[in-house]
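Accompanying notes for the structure given below.
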Amino acid sequence: MKDIDQQKTSLQPFTRRHFLSTGLKAGAAAFATSLLPKLRASTVDQYNVLFIAIDDLRPMLGCYGNSVMHTPNIDRLSQRGTLFNRAYCQFPVCNPSRVSVLTGLRPDTTGIHDNPTDFREVLPNVVTLPQHFKNHGYHTRSVGKVAHGDAAWKDKLSWSAPIWRQPWKYINKTTSPSWQALDVADDELEDGQIVNAALEVLTEIKDKQFFLAVGFNKPHLPFYAPRKYFDLYTTQDFKVPIDSTLPRNAPKIAENPKGMKAYQDIAHYPPFSDEKTVELTLAYAANVSYIDALIGRVLDHLDMLSLTEKTVIVFWGDHGFHLGEHGLWRKNTLFEDSVRSPLIVSIPGQTHRNVNTDALVELVDIYPTLCDACQLPIPTKLEGISMVPVIENPKQTWKTAVFSQLTRISNNTPVHGYTMRTRQYRYTEWGNNVQYGRELYDYHADPNETVNIANLPENKELVEQLSEKLHAGWQGALSNIPEQFHVLQTLPWDINNDGVVDIQDLVLISNNFGAEAPENSKVDVNRDGSVNIIDLLIVAAHLGESTNTGAPATQTQISQKHLSLVDEWLSDARLADDGSNVFKLGIATLEGLLNSVTPEETVLLPNFPNPFNPETWIPYDLANDANVHVHIYNLKGEIIRKLNIGYQGAGTYRSKNKAAYWDGRNFEGELVASGVYFYTLQAGQMKATRRMVIRK
């Protein structure tokens with residue numbers, strides 16, 4: 001009867017647990033798709049993010065010095081930020097470029113060298129840029145074309161809500177012209193509808209800490225836009241490029257002649273006549289102006305909601321675009337017009353505004369830059385670096401080179417091309433051991449890349465130096481950059497800010513359960529105004545993490561004195577469990593903690609759940625190795641089921657995957673009736689009995 005009295009005592013905190021099993025489930029529901037907290041900004045420097053992506057946009061904008069272009073809204077964005085004159089994509093094709101931006105990794109690391117491949121199939125565990133912000137409490141949303149292809153809909157890890165994007169529409173090029181001036185309103189086309197959706201989302205999330213990505217399709221082909229944007233230009237505004245042929249002495253593999261054929265009005269591959277070149281350039285410009293007007297609506301709405309001074313804005317194109325240079329069109333080359341991208345970054349309160357910088361930067365730098373600007377830890381595995389020092393000091397000594405690459409197919413075999421841009425040169429190698437050729441252009445002497453000088457005898461030493469630098473890679477180009485000083489970061493789940501997430505952080509949260517005004521505000525991890533088991537589970541899922549993001553996770557164990565405390569947390573968590581990730585991972589972590597301890601004595605513990613129907617787990621601790629048997633009795637003292645566990649090593653057997661399991665059936669396989677039952681544990685010389693309740 002002594003053991004039965006102990007069982008009664010252990011069941012006393014029922015009122016609190018009843019609250020846990022009901023009141024917390026609504027709060028836990030918010031974590032159904034993510035185990036991480038939804039934190040609000042903890043400092044004035046933790047800004048929102050507006051992430052504007054444009055498809056096929058070259059730096060043909062007013063703010064980039066093109067006086068013909070009508071782009072007043074992008075121009076005004078540049079006036080409150082930093083414009084990067086020399087920003088380069090990592091791969092001048094849509095999917096590989098966007099994957100590099102979103103993962104902060106270069107194409108040879110991501111393995112993405114084409115448009116069809118889903119990066120999540122290749123890199124299922126990679127943490128994307130929006131996912132990193134989501135993991136640190138941001139509400140992340142995607143509207144329009146941000147990630148490439150149908151796979152974007154599947155990437156639930158990155159976004160707090162389903163993405164908004166219209167399905168891809170097939171266009172029969174043989175019956176469709178390459179451009180059209182349409183008598184329609186802005187909103188009647190897809191990009192206009194993207195803006196409408198973006199404004200709705202902005203209004204919806206204006207009171208949250210947000211990361212909003214808005215992606216526009218134009219000026220991607222076909223060049224369809226409302227007529228009023230075509231009316232901004234005349235054919236006299238545009239000239240044909242100086243060069244309409246491949247650079248002299250360039251290898252054949254460098255060209256991409258098949259980028260435009262198949263449209264109704266285009267009967268052959270480029271190069272085109274001067275008249276056709278100007279016609280298409282005007283249509284491209286009209287589409288750029290259309291997108292500019294739509295971006296203006298987003299910026300105006302941000303102003304109207306009083307969010308501009310709380311929001312970092314990054315504006316970027318996924319790669320450049322040929323408009324007849326070298327006789328080529330579109331992208332998919334390693335020439336300057338294909339790999340150079342527009343990039344503008346605006347950070348509230350930045351000292352230098354309306355500044356153009358010639359610092360060499362890359363789109364892969366966007367990920368760490370946004371982390372730095374918003375005071376989030378910068379993952380150490382990223383293959384770019386923060387541009388914030390350049391934004392703070394536009395004349396800052398910076399990278400000595402930037403890198404892009406491309407894959408061609410020759411004789412059914414992939415041929416990889418790698419190019420490097422320095423301040424003066426572009427150096428490119430094609431194929432293993434340069435078997436498909438190399439290129440060198442001196443922009444000081446030949447800004448239009450008209451002659452490949454790689455094979456000139458007088459350039460032999462220069463080519464050797466540039467080749468060595470190309471093979472040294474992006475890290476070798478950082479040697480001139482002064483060591484960056486970042487604000488010391490603390491993890492949101494490191495409650496006591498000691499640099500590691502451990503049992504002490506869990507104890508702090510537990511000690512503040514129900515506190516209305518806790519001394520340490522970090523104990524309310526999800527910032528919902530209540531400190532409870534959900535906050536503890538969020539932190540539990542990050543046990544072992546430290547502010548040294550490059551170090552492996554610390555092995556976290558608990559002492560004997562914390563054993564009963566962890567057991568109580570588990571009981572609370574199981575009662576409130578709604579099946580969401582925050583419970584699954586938090587409970588699994590706590591169970592792992594229990595399994596790390598060798599108990600001081602052998603103990604039979606209360607079954608869970610209790611009352612139960614129709615199955616239960618019977619936990620116990622073993623101080624020594626023993627043969628374990630569990631018997632179930634009815635009130636008459638009759639054995640109705642034997643659970644012969646067998647030989648067990650010393651340790652805790654409290655989790656579902658280790659505790660003794662009873663399916664609620666007797667020897668005949670029948671479910672037993674509701675009522676009171678007893679169970680005994682025999683482990684070596686030790687025998688203990690407890691009571692359990694079945695309620696149907």
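Throughout, numbering of the chain's residues begins at 1 and tracks the sequence.
- Look at K218 and D191 and you find no salt bridge, because none of the NZ, NE, NH1 or NH2 atoms lies under 4.0 Å from a carboxylate O.
- With F321 as the aromatic partner, K331 does not meet the cation-pi criteria of under 6.0 angstrom to the ring centre and within 45 degrees of the ring axis.
- A donor-acceptor contact under 3.5 angstrom links the side chains of E429 and Y427, judged on distance only.
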*Begin from the C-alpha positions of Q90 and Q405 and carry the test side-chain hydrogen bond (donor to acceptor under 3.5 Å, both in side chains) through to its verdict.*
CA-CA 6 Å; Q90 275 45 77; Q405 64 186 87; over 6 Å; no

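- Stacking of R421 on the aromatic ring of Y443 is recorded, both the 6.0 Å distance cut-off and the 45° axial limit being met.
- Two residues are said to be in side-chain contact when any heavy atoms from C-beta on lie closer than 4.5 Å; H148 and N115 meet this criterion.
- The shortest side-chain heavy-atom distance between P130 and W159 falls under the 4.5 Å cut-off.
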**Request:** Go through the steps for N172 and S176 under the test side-chain hydrogen bond (donor to acceptor under 3.5 Å, both in side chains), then give the verdict.
**Result:** CA-CA 6 Å; N172 187 339; S176 303; 6.0 Å; no

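- Shortest non-hydrogen contact noted between F211 and F133 is CD1-CG, 3.8 Å.
- Looking at T400 and L360, their side chains never come closer than 4.5 Å, going by heavy atoms from C-beta outward.
- Remark: Q435 CD is packed, more than 12 non-hydrogen atoms of other residues, nucleotides or ligands lying under 6.0 Å away.
- Under a cut-off of 6.0 angstrom, the local environment of CD in Q424 is crowded, with over 12 non-hydrogen atoms contributed by other residues, nucleotides or ligands.
- Each of E255, H319, H322, H326 was checked for a side chain to side chain donor-acceptor pair (under 3.5 Å) with T333, and the lone residue meeting it is H322.
- Considering every non-hydrogen atom in both V201 and R141, the closest pair reads CG2-NH2, 3.8 Å.
- Annotation for N432: atom CG does not count as buried by contact number, only 12 or fewer foreign heavy atoms lying within 6.0 Å.
- Taking all atoms of both residues into account, the shortest heavy-atom contact from D56 to L221 is OD2-N, 4.5 Å.
- Between the side chains of N73 and D292, a donor-acceptor pair is found at a separation under 3.5 Å.
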Does the side-chain hydrogen bond (donor to acceptor under 3.5 Å, both in side chains) test come out yes or no for K239 and T281, once each step is laid out?
CA-CA 9 Å; K239 299 178 181 179; T281 302; over 6 Å; no

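- Contact record, I391 with V345: CD1-CG1, 3.7 Å, taken as the closest heavy-atom pair.
- Residue P177 comes nearest to Y263 through the heavy atom pair O-CD2, 3.7 Å, listed as atom of the first residue, atom of the second, then distance.
- Aromatic pair Y233/F238: centroids less than 6.0 angstrom apart.
- Checked against a 6.0 Å centroid threshold, the rings of F216 and H220 do not count as neighbours.
- Salt bridge D187/R297: present, at least one basic N to carboxylate O contact under 4.0 Å.
- Across F315 and L61, no two heavy atoms sit closer than the pair CE2-CD1, 4.2 Å.
- Aromatic pair H471/Y418: ring centres not closer than 6.0 Å.
- Exactly one residue among C63, P342, S346 makes a side chain to side chain contact (heavy atoms under 4.5 Å, CB included) with S78. That residue is C63.
- Taking a cutoff of 4.0 Å between a charged side-chain nitrogen and a carboxylate oxygen, K145 and D55 qualify as a salt bridge.
- In this structure, Y284 has its ring center no closer than 6.0 Å to that of W179.
- Checked by atom type, the side-chain pair Y224/N217 shows no donor-acceptor distance below 3.5 Å.
- Donor-acceptor pairing under 3.5 Å is recorded for the side chains of T109 and E383.
- Defined by atom type and a distance below 3.5 Å, a donor-acceptor pair is missing between the side-chain atoms of T103 and T128.
- Using modelled atom types, one finds a donor on one side chain and an acceptor on the other under 3.5 Å when comparing S158 with D155.
- Under the 4.0 Å criterion applied to side-chain N and carboxylate O atoms, R426 and E439 are not assigned as salt-bridge partners.
- Salt bridge annotation for D265-K173: absent, with no cationic side-chain nitrogen under 4.0 angstrom from a carboxylate oxygen.
- D446 and T450 form a side-chain donor-acceptor contact under 3.5 Å, judged by distance and modelled atom types alone.
- Of the possible polar contacts, one joining the S289 side chain to the H70 backbone as a donor-acceptor pair under 3.5 Å is found.
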